[in-house]
K.L.:
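Dropping a structure here in structure tokens format, bear with me for questions.
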There are 2 protein chains.
Amino acid sequence: MTRMATMTAAQRRDQARREYDAFIRSCPTNQLLDRISDKWVSLVVSALAAGSMRYSDLGRKIAGVSPKMLTQTLRALERDGIVARTVTPSVPVRVDYELTPLGTSLSCLLSAVKDWAELHIEQVNEAREQYDAEEH
Amino acid sequence: MTRMATMTAAQRRDQARREYDAFIRSCPTNQLLDRISDKWVSLVVSALAAGSMRYSDLGRKIAGVSPKMLTQTLRALERDGIVARTVTPSVPVRVDYELTPLGTSLSCLLSAVKDWAELHIEQVNEAREQYDAEEH
DNA sequence: CTGCATCCTGTAGGATACTG
DNA sequence: CAGTATCCTACAGGATGCAG
């Protein structure tokens with residue numbers, strides 16, 4: 001009989017995925033990619049790059065964001081030390097958000113990404129047109 | 001009676017989201033962020049940074065990836081002109097993938113991201129610990 | 001004003017099986 | 001070897017309503 005101890009391809013991949021996941025979670029680069037790749041994060045950071053803003057101002061400036069995602073994004077960024085949250089206990093309460101030094105640094109990295117994007121987007125678009133023109 | 005023409009908050013946000021989505025799709029930076037933020041893209045690009053590889057080699061090197069996602073990722077990168085696909089019609093067929101010049105350039109950008117991550121991850125971790133230690 | 005809790009849906013993506 | 005096709009599920013994230 002065939003060795004039952006032999007793992008199936010799926011089992012092997014499953015185990016590999018577990019190890020991989022553990023690796024990913026401990027990998028700074030991927031942690032950061034997860035962070036900046038978030039749809040709303042880059043928008044919040046670039047909005048705040050211009051200066052501190054209130055919660056509702058962010059909601060208006062970032063068109064189409066739901067309160068839930070805005071809060072979720074801001075909490076995550078606050079936890080990571082990217083943004084600072086300041087509560088003014090007036091009535092009604094006023095909450096301001098601003099970039100920390102670390103946040104400003106991240107904002108610079110996003111600028112680098114932006115520069116690369118604008119420099120190469122045309123090349124990408126050409127590649128896409130050419131690819132789509134061929135038959136696949 | 002109140003004006004029925006007045007939009008609810010949800011309706012306004014919905015319209016805003018539509019406009020926003022259109023904007024996003026036309027924005028190079030966000031297109032690129034969508035691209036490099038993909039879980040597998042960064043892994044494929046960095047794997048290929050070392051040189052050309054076959055399909056199954058990539059599958060082994062990138063632990064835990066399913067054939068489906070590997071193919072999907074490679075197709076997207078090929079379409080964008082990031083990787084080149086070379087078929088050698090032997091039996092069995094052999095397919096090699098390698099970075100294009102554009103792909104190499106992207107690989108450099110990813111290195112910049114990596115450098116930033118490794119430089120600041122400790123600061124982020126400290127911020128997280130401090131945040132988690134406080135009550136919320 | 002600034003959120004949080006709940007519900008609900010679309011979809012990304014994994015498992016599995018099959019083909020040239 | 002290098003994929004493709006199908007199914008299925010988990011989770012991101014939007015709508016809504018309520019609270020401090």
Side-chain angles (χ1 to χ4, degrees), chain A residues 7-21 24 34-35 37-41 43-44 52-79 83-98 136, chain B residues 7-18 20-21 24 34-35 37-41 43-44 52-79 83-98 135-136:
Chain A
M7 301 172 81
T8 66
Q11 286 174 319
R12 257 180 282 113
R13 205 168 45 239
D14 193 53
Q15 187 187 342
R17 193 163 47 76
R18 260 187 266 279
E19 292 168 5
Y20 159 82
D21 281 346
I24 284 297
D34 272 3
R35 183 55 72 237
S37 69
D38 184 287
K39 184 182 178 183
W40 302 114
V41 165
L43 292 165
V44 167
S52 107
M53 294 182 79
R54 299 180 60 172
Y55 179 85
S56 49
D57 290 334
L58 280 169
R60 268 185 296 277
K61 174 130 185 182
I62 304 172
V65 70
S66 64
K68 177 183 175 181
M69 291 318 294
L70 184 54
T71 300
Q72 199 174 103
T73 303
L74 287 167
R75 284 290 174 284
L77 292 176
E78 187 193 357
R79 187 171 107 94
V83 307
R85 179 171 178 270
T86 313
V87 181
T88 308
S90 52
V91 179
V93 63
R94 171 197 178 103
V95 181
D96 288 274
Y97 292 91
E98 63 184 331
H136 293 280
Chain B
M7 300 172 82
T8 66
Q11 285 173 320
R12 256 180 282 113
R13 202 166 51 238
D14 193 53
Q15 186 188 342
R17 191 162 49 75
R18 260 188 267 278
Y20 160 82
D21 281 345
I24 284 298
D34 271 2
R35 181 57 68 240
S37 71
D38 184 287
K39 183 181 180 182
W40 302 113
V41 164
L43 292 164
V44 167
S52 105
M53 294 182 79
R54 301 179 59 171
Y55 180 87
S56 50
D57 290 334
L58 280 169
R60 267 185 297 276
K61 173 131 186 182
I62 303 173
V65 70
S66 63
K68 176 184 175 180
M69 290 319 294
L70 184 54
T71 300
Q72 199 172 104
T73 303
L74 287 168
R75 286 289 177 283
L77 291 176
E78 188 194 357
R79 188 171 106 96
V83 307
R85 179 170 178 270
T86 312
V87 180
T88 309
S90 53
V91 179
V93 61
R94 171 198 179 104
V95 181
D96 287 275
Y97 292 91
E98 63 183 332
E135 75 293 338
H136 293 279

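Treat the numbers as computed from the prediction; the structure is a model and nothing was measured. Order of the sequence lines fixes the chain letters, A, B, ..., with proteins taken first and strands second; residue numbering starts at 1 for each chain.
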K.L.:
Which listed nucleotide (C:dG3, C:dC1, D:dA2) is nearest to the side chain of A:Pro92?
P.N.:
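Nearest nucleotide to the side chain: C:dC1.
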K.L.:
Under 4.5 Å between any side-chain heavy atoms of A:Arg75 and A:Gln72, yes or no?
P.N.:
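No, side chains not in contact.
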K.L.:
Would you indicate whether the side-chain heavy atoms of A:Leu74 and A:Leu58 approach each other to under 4.5 Å?
P.N.:
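Side chain of A:Leu58 against side chain of A:Leu74, heavy atoms only: contact under 4.5 Å found.
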K.L.:
At under 4.0 Å, does any side-chain N or O of B:Arg75 touch on OP1 or OP2 of D:dT4?
P.N.:
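So the side-chain polar atoms of B:Arg75 do come within 4.0 Å of the phosphate oxygens OP1 or OP2 of D:dT4, strictly under.
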K.L.:
Could you check which of D:dG13, D:dG14, C:dC1 has an atom nearest any side-chain atom of A:Ser66?
P.N.:
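It is D:dG14.
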K.L.:
In terms of side-chain heavy atoms of B:Arg85, which of D:dA2, C:dG13, D:dG20 is nearest?
P.N.:
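Nearest nucleotide to the side chain: D:dA2.
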K.L.:
Between atom OG of B:Ser56 and atom CZ of B:Arg94, what is the distance when rounded to the nearest 0.5 Å?
P.N.:
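It comes to 9.0 Å.
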K.L.:
OP1 or OP2 of D:dG3 sitting under 4.0 Å from any side-chain N/O of B:Tyr97?
P.N.:
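It does, given that an N or O in the side chain of B:Tyr97 lies less than 4.0 Å from OP1 or OP2 of D:dG3.
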K.L.:
Expressed as a whole number of angstroms, how long is the span from B:Asp96:CG to D:dA2:C1'?
P.N.:
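Nearest whole value for this atom pair: 12 Å.
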K.L.:
Which nucleotide in the list D:dT4, C:dC7, D:dC1 gets nearest to the side chain of B:Arg54?
P.N.:
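Closest of the options to the side chain of B:Arg54: D:dC1.
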K.L.:
If you check the A:Met69 side chain, which of D:dG14, C:dG14, D:dG3 turns out closest?
P.N.:
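Within the option list, the nearest is D:dG14.
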K.L.:
Between D:dG14 atom C1' and A:Ile62 atom CD1, what is the distance in whole Å?
P.N.:
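Going from A:Ile62 (CD1) to D:dG14 (C1'), I get 16 Å.
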K.L.:
Just the rounded figure in Å: distance from P of D:dC1 to CG of B:Asp57.
P.N.:
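To the nearest whole Å, that distance equals 9 Å.
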K.L.:
Closer than 4.0 Å, any side-chain N/O of B:Thr71 to the OP1 or OP2 of D:dG3?
P.N.:
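No.
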K.L.:
Taking atom P of C:dG14 as reference, at what distance in whole Å does atom CD of B:Gln72 sit?
P.N.:
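To the nearest whole Å, that distance equals 9 Å.
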K.L.:
Looking at side-chain heavy atoms only, is the closest gap between B:Leu77 and B:Arg35 below 4.5 Å?
P.N.:
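Yes. Closest side-chain heavy atoms under 4.5 Å.
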K.L.:
Which comes earlier along DNA chain D counting from the 5' end, the contact point of B:Arg60 or that of A:Pro67, where each point is its nearest nucleotide?
P.N.:
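Final value for this comparison: B:Arg60.
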K.L.:
If you only use heavy atoms from C-beta on, which nucleotide in D:dG14, C:dG14, D:dA2 is closest to the side chain of A:Lys39?
P.N.:
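Selected nucleotide: D:dG14.
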K.L.:
Measure CG/A:Asp38 against C1'/C:dA12 and give the value in whole Å, please.
P.N.:
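In whole Å, C:dA12 C1' and A:Asp38 CG are 15 Å from each other.
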K.L.:
Would you mind reading off the distance between A:Asp34 atom CG and D:dA12 atom P, rounded to a whole angstrom?
P.N.:
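The distance from CG of A:Asp34 to P of D:dA12 comes to 11 Å, rounded to the nearest Å.
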K.L.:
Are B:Tyr55 and B:Thr71 packed together at the side-chain level, in the sense that at least one heavy-atom pair is separated by less than 4.5 angstrom?
P.N.:
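Yes; the side chains approach each other to less than 4.5 Å.
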K.L.:
Heavy-atom nearest nucleotide on DNA chain D for A:Trp40 versus B:Ser56: which residue maps closer to 5'?
P.N.:
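Nearer the 5' end of the strand: B:Ser56.
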K.L.:
Counting side-chain heavy atoms from C-beta on, which of C:dC7, C:dG3, D:dC1 comes nearest to A:Lys68?
P.N.:
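Taking heavy atoms from C-beta onward, the closest nucleotide is C:dC7.
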K.L.:
Expressed in angstrom and rounded to an integer, what is the separation of B:Met53 atom CE from D:dC1 atom C1'?
P.N.:
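In whole Å, D:dC1 C1' lies 15 Å from B:Met53 CE.
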K.L.:
Send over the distance from A:Tyr55 OH to C:dC4 C1', rounded to a whole Å.
P.N.:
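Atom-to-atom, A:Tyr55 to C:dC4, this comes out as 10 Å.
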